[in-house]
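Taking it in order: structure first as structure tokens, then the write-up.
For the numbers below, each heavy atom of this structure counts, side chains included, while hydrogens, waters and symmetry mates do not. Predicted model, so just to flag it, every value in this text is computed and none were measured.
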Amino acid sequence: MKKHTYDVAILGTGPAGLQAAIHAARKKVSVAVVGKIAKSSAYRAHVENFCCLPQTTGEDLLNQGRLQAEKSGAVFFDQDVVHARQLNGRFQLDLEGGDQIEAKVVILAMGISRKKLGVPGEREWFGKGVSYCVECDANFFRGVPVAVVGCESAAVSGALTLLFYTEHVHLICEELRVAENLAEKLRHSAVTVHEGRRVREIVGSSAVEAVLLDDGTRIPVQGVFIELGAKGALEIATALGVNLDTESFQYVVTNKKQETNVPGVYAAGDICGPPWQIAKAVGEGCVAGLEAADYVRKIS
């Protein structure tokens with residue numbers, strides 16, 4: 001494992017994360033930005049209502065933002081975060097490629113997960129066996145068979161985590177898309193991998209009883225974790241002890257300085273709730289970047 005130390009670690013490469021990186025780096029603190037730009041919800045957007053910029057593509061906007069951040073001194077890690085923790089007054093982030101980042105301050109700017117599986121039984125059994133957060137709900141499935149659905153880092157790391165709770169873990173994916181380090185861990189684990197398969201239905205009566213695959217295979221399980229993409233805001237925020245809104249538990253709660261309830265953890269952009277606008281994300285990213293840099297100076 002290769003370790004890196006920075007003052008500020010920013011999770012997310014969308015408008016909020018990039019703006020935070022620009023402002024924090026310009027205040028002469030060391031900044032690491034973690035994430036994959038192509039996965040930002042803004043990447044494929046057509047932008048025409050952003051002030052002072054009549055028309056552009058999301059891809060161009062984000063690539064320009066990255067160049068600005070790098071010019072200001074920020075360093076980018078094109079990887080997903082698979083684990084986050086606070087230890088001895090510092091924050092540690094484990095990346096899918098085997099790198100570990102230690103930082104004094106973290107800015108959460110990775111947006112929110114809007115991905116659903118879209119199969120029969122998913123909505124019906126949500127909360128009755130269907131979950132979107134391994135780290136939140138794994139404890140409810142001790143000793144019972146479970147399935148994880150997904151092909152990327154969130155699914156693989158989630159499946160490996162579940163082995164601490166149960167020995168019967170199935171990973172269902174069409175094609176694995178993770179860094180070799182994470183793939184190697186999966187190959188040497190007790191997870192049963194069903195690669196090249198899709199879930200056709202989540203079956204149950206009063207709760208989840210099985211998943212039905214596209215080839216007709218029926219896998220008896222009591223829990224189904226849907227993890228489509230990178231580890232999301234909910235999992236990472238929960239791991240760091242950050243408060244979510246009490247109505248939907250989908251957004252991180254911040255004050256006007258973009259501070260969360262955890263000292264040293266800030267948040268900006270879609271992760272803080274609607275409206276889903278680049279202008280809002282950029283503004284919050286600006287505040288978070290400036291405040292994070294000031295916080296580093298106070299504790300240094």
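- Between Phe141 and Phe225, the ring planes are perpendicular. Angles over 60° get that label, and only those under 30° would be called parallel.
- Applying the side-chain contact (heavy atoms from CB on, under 4.5 Å) test to Ala179 and every residue at least two apart in sequence or in another chain returns Glu96.
- In this view, Glu184 and Arg187 satisfy the salt bridge (charged side-chain N to carboxylate O under 4.0 Å, His left out) rule, not counting sequence neighbours.
- Between Tyr165 and Asn139 the shortest side-chain heavy-atom distance falls below 4.5 Å.
- We find the OH-OG distance between Tyr295 and Ser300 to be 10.0 Å, quoted to the nearest 0.5 Å.
- Note on Ile299 and Ile107: same hydrophobic cluster, where clusters join Ile, Leu, Val, Met, Phe, Trp and Tyr whose side-chain heavy atoms are under 4.5 Å apart, directly or indirectly.
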Decide yes or no on side chain to side chain donor-acceptor pair (under 3.5 Å) for Tyr266 and Glu284, but give the supporting numbers first.
-> CA-CA 10 Å; Tyr266 296 77; Glu284 291 179 350; over 6 Å; no

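- Cluster membership check: Ile22 does not share its hydrophobic cluster with Val31, using side-chain heavy-atom separations under 4.5 Å among Ile, Leu, Val, Met, Phe, Trp and Tyr.
- With hydrogens and angles ignored, the 3.5 Å screen pairs a side-chain donor or acceptor of Glu122 with a backbone N or O of Gly118.
- For the salt bridge (charged side-chain N to carboxylate O under 4.0 Å, His left out) test, residues two or more places apart in sequence or in another chain that qualify with Asp94 are Arg85.
- Nearest approach of Leu162 to Ala138, heavy atoms of both residues: CD2-CB, 3.7 Å.
- Between the Gln222 side chain and the Val144 main chain, no donor and acceptor come within less than 3.5 Å of each other.
- The heavy-atom pair separating Ala268 from Gln258 by the smallest distance is CA-NE2, 4.0 Å.
- Within the structure, the ring pair (Phe, Tyr, Trp, His ring centres under 6.0 Å) test picks out the following pairs touching residues 179-217 (sequence neighbours left out): His170-His194.
- Residues satisfying the salt bridge (charged side-chain N to carboxylate O under 4.0 Å, His left out) criterion with Glu124, sequence neighbours excluded, are absent altogether.
- Inter-residue side-chain proximity for Leu18 and Phe76 is flagged as met; some heavy-atom pair is nearer than 4.5 Å.
- Judged purely by atom type and a 3.5 angstrom limit, Asp78 has no side-chain atom pairing as donor or acceptor with the backbone of Ile37.
- Interatomic distance, His83 NE2 to Gln92 CD, rounded to the nearest 0.5 Å: 12.5 Å.
- Asp7 has a carboxylate O that lies under 4.0 Å from a charged side-chain N of Lys104, or vice versa, which qualifies the two as a salt bridge.
- Residues Val33 and Val8 are members of one and the same hydrophobic cluster, defined by side-chain heavy-atom contacts under 4.5 angstrom among Ile, Leu, Val, Met, Phe, Trp and Tyr.
- Side-chain contact between Val119 and Arg198: absent, with no pair of heavy atoms (C-beta onward) separated by less than 4.5 Å.
- With a 4.5 Å cut-off on side-chain heavy atoms, Val191 and Val148 do not count as touching.
- Between atom CD1 of residue Ile101 and atom CG of residue Leu11 there is a gap of 8.0 Å, rounded to the nearest 0.5 Å.
- At least one donor-acceptor pair under 3.5 Å links the side chain of Lys280 to the backbone N or O of Gly273.
- A single hydrophobic cluster is not seen to contain both Leu108 and Ile278; linkage of ILVMFWY side chains at heavy-atom distances under 4.5 Å, directly or through other members, places them apart.
- Put simply, the side chain of Arg66 does not reach to within 4.5 Å of the side chain of Thr13, judged on heavy atoms.
- A pairwise comparison of heavy atoms in Asp214 and Gly196 identifies OD2-O, 4.5 Å as the closest pair.
- A 4.5 Å side-chain heavy-atom check between Asn181 and Leu95 finds every atom pair outside the cut-off.
- Placement of Ile10 and Ile236 in two distinct hydrophobic clusters is found when ILVMFWY residues are connected by side-chain heavy-atom separations under 4.5 Å, directly or transitively.
- For Arg177, the salt bridge (charged side-chain N to carboxylate O under 4.0 Å, His left out) test picks out Glu152, with sequence neighbours left out.
- The distance from atom CG of Leu163 to atom NE2 of His168, rounded to the nearest 0.5 Å, is 11.0 Å.
- Between the side chain of Thr260 and the backbone N or O of Val265 there is at least one donor-acceptor pair closer than 3.5 Å.
- Across every non-hydrogen atom of Val82 and Ser153, the tightest pair is CG1-CB, 4.1 Å.
- The minimum heavy-atom distance linking Pro263 with Gln86 is given by the pair O-NE2, 4.4 Å.
- Note that the CG atom of Asn243 and the OG1 atom of Thr254 stand 11.5 Å from one another [nearest 0.5 Å].
- A 4.5 Å side-chain heavy-atom check between Pro15 and Leu62 finds at least one atom pair inside the cut-off.
- The line from OG1 of Thr57 to OH of Tyr43 is 8.5 Å long, rounded to the nearest 0.5 Å.
- Side-chain contact between Arg218 and Leu212: present, with at least one pair of heavy atoms (C-beta onward) separated by less than 4.5 Å.
- The six-membered or imidazole ring of Tyr132 lies near that of Phe126, with a centre-to-centre distance under 6.0 Å.
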